[in-house]
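Data block below; observations after.
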2 protein chains.
Amino acid sequence: MTEALHDEDGSRWAGQGAGLPQKQQAVDAPTISAAALRLFAERGYRATTMSDIGAAIGIRGPSLYRHVTSKQVLLGGIMVDTMRALIADQRAALDAGGDVSLQLRRIVEAHVRYHAAHREQAFVGNREIENLEQPYRDEVLRLRRTYERGLRTVIERGCAEGDFTVAEPRLASYAILDMGMGVSAWFRPDGPHGAEQIAYTYADHAIRMLTGRSSEGATTADA
Amino acid sequence: MTEALHDEDGSRWAGQGAGLPQKQQAVDAPTISAAALRLFAERGYRATTMSDIGAAIGIRGPSLYRHVTSKQVLLGGIMVDTMRALIADQRAALDAGGDVSLQLRRIVEAHVRYHAAHREQAFVGNREIENLEQPYRDEVLRLRRTYERGLRTVIERGCAEGDFTVAEPRLASYAILDMGMGVSAWFRPDGPHGAEQIAYTYADHAIRMLTGRSSEGATTADA
DNA sequence: CCTACCGATCGGTAGG
DNA sequence: CCTACCGATCGGTAGG
């Protein structure tokens, strides 16, 4: 316990002190990132200290720097990984084939499923953009544009083929993406609705939004 | 310039120093709150310092305490005012009468219009909840529940009267509120779409979502 | 409304 | 992986 040990890069340190680790788990970069994600989601990036992250895995704040470069790199990794996962899921939905209506359903289901099943990633990814520094920030914004374009392209194709009837595909894509992103803010694993049910229902919402008869009710626009 | 003056509560101070005010505007609580709102929206609550807010209106950070109690009270006031304005707009939409479909359209238009026309308020209101302390936090959460219930009640009435056909009114209300809230994140006054156009289009989206024939396309749910 | 300053916090480094 | 600590930041107060 107090004997000198070799750490990963061969230097020596004097021991582990008397503090009891909170949880006996492997301390590596993915473990740290997972703890950081949970804390960033719960209390926000700026309100989370390196000491908090360390405590969550049973070590002191400074010891984290053995495994990770900085707090900012932790955030950047989380956000870039999140966008890559979303894009991969979207691509898989597109590659599954089917007509444009089925493709749209699969894209929306994948989108909503991710925001429910990985609500912390999605929530942090949506809220902490202004705390993200370069080069992560531009990279994440670029990936977000790619992701939006994927959905919009399907909507536009559906309009061209006569299946969809929206005047502004971009506004429709924003509406669909935003309603799905909202799921990450209120979804609870132990809540009354399961992720699959929500994904299915939201895909219904999207299909209806894109296929309804145009200007349905009376108009207003007075106030 | 260097002569002693009386300030608002009768005490004396020695002068204004040599700093040039950035803008010659009245310094009062509403002016400070407006500057704080702009900065909170741009860089976030925690990233905004009292010195930043002061500089935006040409005074030093400590001088703000002549007019406001604390940074937290600034945030609380902004967020409570925002929710009250949203609820007032929703109530006005309901009081305008009409059938359930028209009421729904008015509610959604008011919701989206606010999130475009007052995008900074709405954006801050949605992002800084975890930075809000008591009693503001509970008050804002209470107002949000009231607001959601207002929309959901109309959806439920529409279902009872046969105009709407959603299985889960709560999920539909979340979807509609979240897509409108998203507007506050991407709307730009000089962008290609005006606030009124977006409000009208989103009300169309909502009406379609609520009135489409049920389960339209093929189903998926494999992945 | 200002300057000076207190007290607390925090990311990251030194050195073992 | 630890303790000790640096340097910087920041909300708020003192006192004029």
Nearest heavy atoms of Met181(B) and His111(B), plus distance in Å: N-NE2, 3.8 Å
Ile59(A) CD1 to dC2(D) C1', straight-line distance once rounded to whole Å: 10 Å
Once side chain to side chain donor-acceptor pair (under 3.5 Å) is applied, what residue pairs with a partner in residues 26-38 of chain A remain, sequence neighbours excluded? Asp28(A)-Thr31(A)
What residues 127-136 of chain A contributes to the DNA chain C interface at heavy-atom separation below 4.0 Å is none
So does Leu132(B) get a backbone contact from the side chain of Glu128(B), meaning a donor-acceptor N/O pair under 3.5 Å? no
Check: residues 47-56 of chain A side-chain donor-acceptor pairs under 3.5 Å, at least two apart:
unit_1: Thr48(A); atom_1: OG1; unit_2: Leu39(A); atom_2: O; d: 3.4
unit_1: Thr48(A); atom_1: OG1; unit_2: Gly44(A); atom_2: O; d: 2.7
unit_1: Thr49(A); atom_1: OG1; unit_2: Ser51(A); atom_2: N; d: 3.3
unit_1: Thr49(A); atom_1: OG1; unit_2: Asp52(A); atom_2: N; d: 2.9
unit_1: Thr49(A); atom_1: OG1; unit_2: Asp52(A); atom_2: OD1; d: 3.4
unit_1: Thr49(A); atom_1: OG1; unit_2: Asp52(A); atom_2: OD2; d: 3.2
unit_1: Asp52(A); atom_1: OD2; unit_2: Arg43(A); atom_2: NH1; d: 3.0
unit_1: Asp52(A); atom_1: OD2; unit_2: Thr49(A); atom_2: N; d: 3.0

Do Arg105(A) and Tyr200(A) meet the cation-pi criteria used here (NZ or CZ under 6.0 Å from the six-membered ring centre, within 45° of the axis)? yes
Mind telling me whether Tyr202(B) and Trp186(B) have parallel, tilted or perpendicular rings, with 30° and 60° as the class edges? tilted
State, without any angle test, whether Gln72(A) and Tyr45(A) hold a side-chain donor-acceptor pair at a distance under 3.5 Å. yes
Residues Glu139(A), Arg142(A); criterion salt bridge (charged side-chain N to carboxylate O under 4.0 Å, His left out); working and verdict: CA-CA 5 Å; Glu139(A) 173 71 358; Arg142(A) 189 181 67 76; 3.1 Å; yes
Would you tabulate the side-chain donor-acceptor contacts of residues 76-96 of chain B under 3.5 Å, counting partners in other chains and residues two or more places apart, or write 'none'?
unit_1: Thr82(B); atom_1: OG1; unit_2: Ile78(B); atom_2: O; d: 2.8
unit_1: Gln90(B); atom_1: NE2; unit_2: Tyr147(B); atom_2: O; d: 3.0

Shorter than 3.5 Å, N or O on both sides, protein versus nucleotides 10-13 of chain C: list them out with atom names.
unit_1: dG11(C); atom_1: OP1; unit_2: Thr48(A); atom_2: O; d: 3.2
unit_1: dG11(C); atom_1: OP1; unit_2: Lys71(A); atom_2: NZ; d: 2.8
unit_1: dG11(C); atom_1: OP2; unit_2: Met50(A); atom_2: N; d: 2.9
unit_1: dG12(C); atom_1: OP2; unit_2: Tyr65(A); atom_2: OH; d: 2.6
unit_1: dG12(C); atom_1: OP2; unit_2: Lys71(A); atom_2: N; d: 3.0
unit_1: dG12(C); atom_1: O5'; unit_2: Tyr65(A); atom_2: OH; d: 3.3

Per-residue pairing states of DNA chain D in dot-bracket (Watson-Crick or G-U under 3.5 Å; . unpaired, | other strand) read ||||||||||||||||
Is it true that Arg145(A) and Glu148(A) have a side-chain N and a carboxylate O under 4.0 angstrom from each other? no
